[in-house]
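Written out below as structure tokens is the structure these notes cover.
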Amino acid sequence: MKPNPEYITIEKDEERIKKLIKELILVPRMKAIEWSKITKQTPNLKIGYPGQHLASLITGIEGSRTGARGQDLRDGSEVKSCSKVDQMDTCTSCEGKVARSENKCPHCECTNIKRKDDSKWLFTIRSEEDLQRMTEKIDRIFLTIAYNPGFEKEDYNTIRLQAFEIWNNNERHANFKKLMTSYFYKIYLEHINNNPNKTPAPKNIWPFSYQFYLCNPVQVFDCLVTNANYSPEIEIMDYFPPDGDRASLTPLPMPTKLLQRREWDLLLKEVPKESIIRQLSGAKDYESLIGLQSNTEKLVEKLPFIDEETRKYLPLRDTDNPKIIKKVE
């Protein structure tokens with residue numbers, strides 16, 4: 001999980017990263033917000049290419065000059081970007097589209113707006129060659145995301161940008177390969193066989209979902225932008241060295257609120273007692289945890305997160321049936 005130093009040719013420079021974020025992401029967005037007041041179009045600018053620029057500065061690796069159809073970085077890394085910022089919202093009354101800046105529906109004036117926060121990373125696999133490339137030939141999947149950390153409080157003026165890595169050929173990230181393989185053989189091919197004239201949707205991985213955490217992504221960059229709509233202030237909170245060994249990083253702790261009842265039962269039955277105690281404050285807490293076995297809400301309060309070792313006991317969930325993909329992810 002250590003990048004090849006031969007490809008690291010861009011010097012680590014936090015100020016240059018801040019400059020790129022401001023000039024390629026924040027300033028164009030602010031201009032789009034102003035124009036959207038006149039045009040009524042979404043100010044949500046596609047983050048794909050800015051995400052690749054950002055990936056190059058974070059990793060220190062140049063792009064391969066191939067645009068969208070070749071290697072995203074010279075070392076072969078695949079860059080996937082996702083933005084939850086400025087998604088178009090929906091009126092709960094007439095189902096009309098509502099801009100993020102609007103407080104009521106322009107169609108029926110209803111003030112009950114469903115704010116959207118469902119953007120995801122897309123993985124297109126349409127052949128055995130695509131599958132092999134995504135799961136074997138590529139060593140690193142580089143994921144970037146932009147979102148509003150205060151979304152639930154309707155704070156759309158603060159943006160967080162993070163970057164994560166998944167190393168396909170490392171056992172720590174084996175679940176990513178399983179997800180891609182299951183999608184291709186059990187969903188994509190089945191769909192093609194039954195509906196040859198209709199192309200199936202790509203494999204989706206939702207940020208901070210159950211399957212996202214089971215892939216054990218490691219964070220290599222974290223940045224907070226305050227007052228993003230008017231006069232952005234950028235603070236880089238975490239930036240792992242481009243040449244650093246990612247094996248030393250601990251994957252994000254997994255929130256147990258994502259677990260279903262059967263997964264709690266599995267954890268409490270199969271995970272060694274010592275592993276659970278390590279994540280609590282002591283043995284007494286473990287005994288009380290076991291006593292809460294029938295109360296999922298209380299279990300989450302007692303054990304809000306689980307570590308990498310504990311989540312090894314969790315299944316990927318059923319990905320065979322396309323009808324339940326959205327539900328389980």
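Both backbone and side-chain heavy atoms feed into the values below; hydrogens, waters and symmetry mates do not.
A cation-pi arrangement is found for Arg100 relative to Tyr156, the charged atom lying closer than 6.0 Å to the ring centre and inside a 45° cone about the ring normal. Taking the ring centre of Tyr210 as origin, the terminal cationic atom of Arg317 falls inside the region bounded by 6.0 Å and 45° from the ring axis.
In the displayed structure, Lys120 atom NZ is contacted under 6.0 Å by more than 12 heavy atoms of other residues, nucleotides or ligands. Other residues, nucleotides and ligands contribute over 12 non-hydrogen atoms within 6.0 Å of the NZ atom of Lys12. At most 12 non-hydrogen atoms from other residues, nucleotides or ligands lie less than 6.0 angstrom from CG of Asn103. Atom CD of Glu233 has 12 or fewer heavy atoms from other residues, nucleotides or ligands within 6.0 Å.
Counting heavy atoms from C-beta outward, Val220 and Phe142 have side chains that approach closer than 4.5 Å. Between Cys110 and Thr92, some side-chain heavy-atom pair lies under the 4.5 Å cut-off. Proximity of Ile306 to Leu303: side-chain heavy atoms (C-beta onward) are separated by under 4.5 Å at one or more points. Looking at heavy atoms from C-beta onward, Asn204 lies out of side-chain contact with Trp121 at the 4.5 angstrom threshold. Side-chain contact between Pro242 and Ile8 is present, with at least one heavy-atom pair separated by less than 4.5 Å. Residues Pro200 and Ile192 meet the side-chain proximity criterion, which asks for heavy atoms closer than 4.5 Å. At least one side-chain heavy atom of Leu189 sits less than 4.5 Å from a side-chain heavy atom of Phe184. For the pair Gln219/Asp222, a side-chain contact is recorded, criterion being any heavy-atom separation below 4.5 Å from C-beta on.
Side-chain polar atoms of Thr226 and Thr158 form no donor-acceptor pair below 3.5 angstrom. No side-chain N or O of Asn148 forms a donor-acceptor pair with one of Asp155 less than 3.5 Å apart. In this structure, a donor-acceptor pair under 3.5 Å is absent between the side chains of Glu274 and Tyr286. No side-chain donor from either of Thr144 and Gln162 sits under 3.5 Å from a side-chain acceptor of the other.
Ionic pairing of Arg133 and Glu136 is not present here: no N-O contact between side-chain nitrogen and carboxylate oxygen is shorter than 4.0 angstrom. A salt bridge between Arg261 and Asp265 is present, with a side-chain N of the basic residue lying under 4.0 Å from a carboxylate O of the acidic one. For the pair Asp89 and Lys97, the salt-bridge criterion is not met [side-chain N within less than 4.0 Å of a carboxylate O]. At a threshold of 4.0 Å, the pair Glu308-Arg172 counts as salt-bridged, since one of the basic side-chain nitrogens sits closer than that to a carboxylate oxygen. Electrostatic pairing of Glu34 and Lys31 does not count as a salt bridge here, judged by no charged N lying under 4.0 Å from a carboxylate O. Glu78 has no carboxylate O lying under 4.0 Å from a charged side-chain N of Arg140, or vice versa, which leaves the two without a salt bridge.
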Quiz prompt | CA sep, side-chain torsions, deciding dist, call: Thr310, Asp307, side chain to side chain donor-acceptor pair (under 3.5 Å) | solution = CA-CA 5 Å; Thr310 303; Asp307 61 16; 2.7 Å; yes
Self-check item: Verdict with reasoning, Tyr185 to Met180, per side-chain contact (heavy atoms from CB on, under 4.5 Å)
Solution: CA-CA 9 Å; Tyr185 287 112; Met180 297 299 118; over 6 Å; no
Self-check item: Worked verdict on Ile205 versus Lys80 for side-chain contact (heavy atoms from CB on, under 4.5 Å)
Solution: CA-CA 11 Å; Ile205 292 186; Lys80 295 291 184 182; over 6 Å; no
Exercise. Kindly indicate, with the supporting measurements, whether the criterion side-chain contact (heavy atoms from CB on, under 4.5 Å) is fulfilled by Ser93 and Cys105.
Key: CA-CA 9 Å; Ser93 178; Cys105 175; over 6 Å; no
Exercise. Just do the side-chain contact (heavy atoms from CB on, under 4.5 Å) check on Leu249 and Phe240 with the steps written out, would you?
Key: CA-CA 9 Å; Leu249 294 175; Phe240 195 72; 3.5 Å; yes
Practice problem: Run the numbers on Glu287 and Lys273 for salt bridge (Lys or Arg N to Asp or Glu O under 4.0 Å), then give the verdict. | Solution: CA-CA 10 Å; Glu287 299 303 327; Lys273 178 178 178 179; 3.4 Å; yes
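Nearest heavy-atom pair across His107 and Cys94 is CB-SG, 3.9 Å. Closest heavy-atom contact between Ile25 and Pro50: CG1-CB, 3.9 Å. Of all heavy-atom pairs spanning Ser209 and Leu258, the tightest one is C-CD1, 3.9 Å. Taking both residues in full, the closest heavy atoms of Thr9 and Glu6 are given as CG2-O, 4.1 Å, listed atom of the first, atom of the second, then distance. Here the shortest heavy-atom pairing between Gly244 and Pro3 reads O-CD, 3.4 Å. Contact between Lys104 and Val98 at its shortest, heavy atoms only, is O-CG1, 4.0 Å.
Tracing side-chain contacts under 4.5 Å through hydrophobic residues (I, L, V, M, F, W, Y), one never reaches Tyr147 starting from Val225; they form parts of separate clusters. Hydrophobic clustering (side-chain heavy atoms under 4.5 Å, transitive across Ile, Leu, Val, Met, Phe, Trp, Tyr) keeps Phe164 apart from Leu161. No continuous path of ILVMFWY side-chain contacts below 4.5 Å connects Phe305 to Ile277, so the two sit in separate hydrophobic clusters. By the rule that hydrophobic residues join a cluster once side-chain heavy atoms approach within less than 4.5 Å of another member, Leu252 and Leu179 end up as members of one cluster. Linking Ile, Leu, Val, Met, Phe, Trp and Tyr whenever their side-chain heavy atoms come within less than 4.5 Å leaves Trp35 and Met30 in two separate clusters.
Taking OG1 from Thr59 and CG from Asp72, the interatomic distance works out to 10.5 Å, rounded to the nearest 0.5 Å. For the atom pair Ser182 OG and Lys177 NZ, the distance stands at 14.5 Å (nearest 0.5 Å). Arg246 contributes atom CZ, which lies 13.5 Å from atom CD1 of Ile166 (distance to the nearest 0.5 angstrom). Here the CZ-CG distance, from Arg29 to Asp86, works out to 4.0 Å after rounding to the nearest 0.5 Å. From Gln132, atom CD reaches atom OG1 of Thr181 across 11.0 Å, with rounding to the nearest 0.5 Å. With rounding to the nearest 0.5 Å, the separation of NZ in Lys137 from CG in Leu131 is 11.0 Å.
Between Phe208 and Phe212, the ring planes lie perpendicular to each other; the angle is over 60°, past the 30° to 60° tilted range. The aromatic rings of Phe221 and Tyr239 stand perpendicular to each other, their planes meeting at an angle above 60°, with 30° marking the opposite boundary.
Checked against the 6.0 Å centroid threshold, Tyr183 and Phe123 do not count as a close aromatic pair.
The closest donor-acceptor contact from the side chain of Ser64 to the backbone of Leu73 lies at 3.5 Å or more, if one exists at all. Of the possible donor and acceptor atoms, one in the side chain of Asn157 sits under 3.5 Å from a partner among the backbone N and O of Asn229. Side-chain N or O atoms of His53 include none that pairs as donor or acceptor with a backbone N or O of Leu20 at under 3.5 Å. The backbone N or O of Tyr213 sits less than 3.5 Å from a side-chain atom of Arg311, completing a donor-acceptor pair. When atom types are taken as modelled, the side chain of Asn175 and the backbone of Leu214 share a donor-acceptor pair closer than 3.5 angstrom. Remark: the backbone N or O of Glu15 is paired with a side-chain donor or acceptor of Asp13 at under 3.5 angstrom.
Evaluated for a side-chain hydrogen bond (donor to acceptor under 3.5 Å, both in side chains) with Asp139, the options Asn168, Asn170, Asn169, Asn4 yield exactly one hit, Asn169.
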